[in-house]
Amino acid sequence: MEIKNATFVISNTDYRKCPEGNRPEYAFIGRSNVGKSSLINMLTNRKSLAMTSQMPGKTTLINHFLINNSWYLVDLPGYGFARRGEEGRKQIRQIIHNYILGRAQLTCLFVLIDCRHAPQKIDLDFITWLGEEGIPFAIIFTKIDKISQTRLRENVKIYSDKLLETWEELPPLFYTSSAKKIGKEELLDYIHSINQSLDQQPSENEENSKPEKDEVI
Ligand code: GTP
Ligand code: MG
């Protein structure tokens, strides 16, 4: 699938103020600095659609980007940023949790993991929580340009083994580099296949869920 157009729509702290309608949305979550906003820019072929920074803690809001006039990419704040302080971290955690639990349009959550590191408790706890809440998710290993292929394979094996201690099967796994533009096609194809399967499902409100005739999908 190709992204023909991408537009920033709105930023929110409250999921209830996010865009109305039945368009499916795909959100990116993970620790601060893991590369969520950069990945959105890579996928949409835009340099600074989503704001990025070398300093962790850049994204503090729920940001909606309308794609091809038919679905959303959502940039979320990162979790676990130490320098935000306990109160700040709690606030961000609340924004994220409320969005994930309350937003019916959330179709798949992509959990981003920096491929260079050993499994971190904060990510594993978050993934366990998603399982308990029954939230559909996939994992994206980011920044793969920073390590060798061999090292990547080793780290992914360690991660997979860790997950299989508690999960019966692994979620879909993706590998990306925003710097080298790797993994774009696989991710967009995955999103496209979900969008197609949603289109084939009859919905409660046929009128709102179907794209307009001349919309690009
Ligand atoms: P918060 O908004 O603070 O939660 O961070 P984020 O997850 O949105 O990270 P962001 O996209 O702002 O990227 C953080 C830093 O990592 C920036 O300096 C990016 O240039 C860098 N970065 C992101 N993705 C990649 C990648 O694939 N490869 C390399 N080498 N650097 C990357
Ligand atoms: Mg960000």
Side-chain angles (χ1 to χ4, degrees), residues 3 6-13 15 18 25-65 67 72-100 106 108-117 119-127 130 137-153 155-156 159 173-188 190:
I3 291 189
T7 339
F8 167 73
V9 178
I10 194 168
S11 295
N12 281 296
T13 50
Y15 77 93
C18 291
E25 61 194 51
Y26 300 85
F28 295 87
I29 189 70
R31 303 185 77 174
S32 283
N33 218 43
V34 68
K36 302 174 292 294
S37 305
S38 303
L39 187 59
I40 288 185
N41 291 336
M42 192 268 270
L43 292 175
T44 54
N45 239 343
R46 299 272 294 272
K47 268 209 175 93
S48 46
L49 182 67
M51 298 226 259
T52 65
S53 167
Q54 291 181 343
M55 299 292 288
K58 178 69 180 172
T59 310
T60 53
L61 302 166
I62 305 165
N63 299 289
H64 275 74
F65 301 95
I67 309 298
Y72 292 105
L73 283 175
V74 181
D75 193 13
L76 294 173
Y79 52 70
F81 177 42
R83 260 188 288 161
R84 231 193 281 274
E86 183 48 40
E87 196 46 41
R89 280 204 303 275
K90 213 169 117 186
Q91 249 174 31
I92 293 282
R93 202 161 47 231
Q94 209 57 53
I95 293 173
I96 295 171
H97 281 204
N98 289 347
Y99 167 80
I100 292 173
L106 177 61
C108 180
L109 184 67
F110 290 101
V111 182
L112 275 60
I113 304 285
D114 189 323
C115 73
R116 294 171 293 175
H117 307 311
Q120 312 271 308
K121 186 174 182 317
I122 190 164
D123 295 314
L124 295 169
D125 287 350
F126 183 77
I127 291 171
L130 291 179
F137 70 95
I139 291 180
I140 301 177
F141 291 96
T142 63
K143 306 193 183 184
I144 66 166
D145 57 287
K146 290 199 175 236
I147 56 173
S148 69
Q149 292 269 353
T150 315
R151 188 70 203 288
L152 176 64
R153 267 195 298 274
N155 285 3
V156 169
Y159 219 98
L173 304 178
F174 295 93
Y175 313 91
T176 62
S177 161
S178 299
K180 295 269 164 70
K181 301 198 186 318
I182 303 170
K184 179 176 173 178
E185 213 173 295
E186 290 79 0
L187 259 177
L188 291 181
Y190 180 66

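Both ligands and their constituent atoms are indexed starting at 1 by order of listing.
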Practice item. Would you mind listing which atoms of ligand 1 come within a distance below 4.0 Å of any non-hydrogen atom of Gly57? Key: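 Going through ligand 1 atom by atom, the ones under 4.0 Å from Gly57 are 3 (O).
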
Review point. Atoms of ligand 1 less than 4.0 Å from Ala179 heavy atoms?
Key: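 Once the distances to Ala179 are compared, the set is 26 (C), 27 (O), 28 (N), 29 (C), 30 (N).
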
Exercise for review: Enter the distance from Tyr79:OH to Asp125:CG here, rounded to the nearest 0.5 Å.
Suggested key: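 Nearest 0.5 Å value for the OH-CG distance: 9.5 Å.
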
Among all protein heavy atoms in this structure, tell me which lies nearest to [atom], with the distance rounded to 0.1 Å.
atom: atom 30 (N) of ligand 1; result: Asp145 OD2, 2.8 Å
atom: atom 31 (N) of ligand 1; result: Lys146 CE, 4.0 Å
atom: atom 4 (O) of ligand 1; result: Lys36 NZ, 2.8 Å
atom: atom 5 (O) of ligand 1; result: Asn33 N, 2.9 Å
atom: atom 21 (C) of ligand 1; result: Lys143 NZ, 4.0 Å

Review point. Listed by chain and number, what are the ring pair (Phe, Tyr, Trp, His ring centres under 6.0 Å) partners of Phe141, not counting sequence neighbours?
Key: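 Ring pair (Phe, Tyr, Trp, His ring centres under 6.0 Å) check on Phe141 returns Tyr159, Tyr175.
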
Point to revise | Side chain to side chain, Val156 and Arg153, heavy atoms closer than 4.5 Å | key: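 When only atoms from C-beta onward are counted, Arg153 and Val156 do not touch, as no gap falls below 4.5 Å.
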
Check your understanding: Can you check whether Ile127 reaches Ile139 side chain to side chain, under 4.5 Å on heavy atoms?
Key ->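 Side chain of Ile127 against side chain of Ile139, heavy atoms only: contact under 4.5 Å found.
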
Would [X] count as being in polar contact with ligand 1, using the rule that some N or O on each side must be under 3.5 angstrom apart?
X: Thr52; answer: no
X: Pro56; answer: no
X: Gly35; answer: yes
X: Val34; answer: yes

Point to revise | Sub-4.0 Å heavy-atom approach of Thr142 to ligand 1 | key: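 The answer is no, since Thr142 has no heavy atom less than 4.0 Å from ligand 1.
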
Point to revise | The one among Ser53, Gly30, Cys115, Ser32 that brings a heavy atom closest to atom 15 (C) of ligand 1 | key: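 Ranked by closest heavy atom to atom 15 (C) of ligand 1, first place is Ser53.
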
Check your understanding: If you measure from atom 11 (O) of ligand 1 to every heavy atom of Ser38, Gly80, Gly183, which option wins on shortest distance?
Key ->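 Answer by nearest heavy atom: Ser38.
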
Review point. Backbone or side chain, does Thr52 get an N/O/S atom under 2.8 Å to the Mg ion (ligand 2)?
Key: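 No, outside the cut-off.
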
Review point. Any N/O/S of Met51 under 2.8 Å from the Mg ion (ligand 2)?
Key: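 It does not; every qualifying atom lies at 2.8 Å or beyond.
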
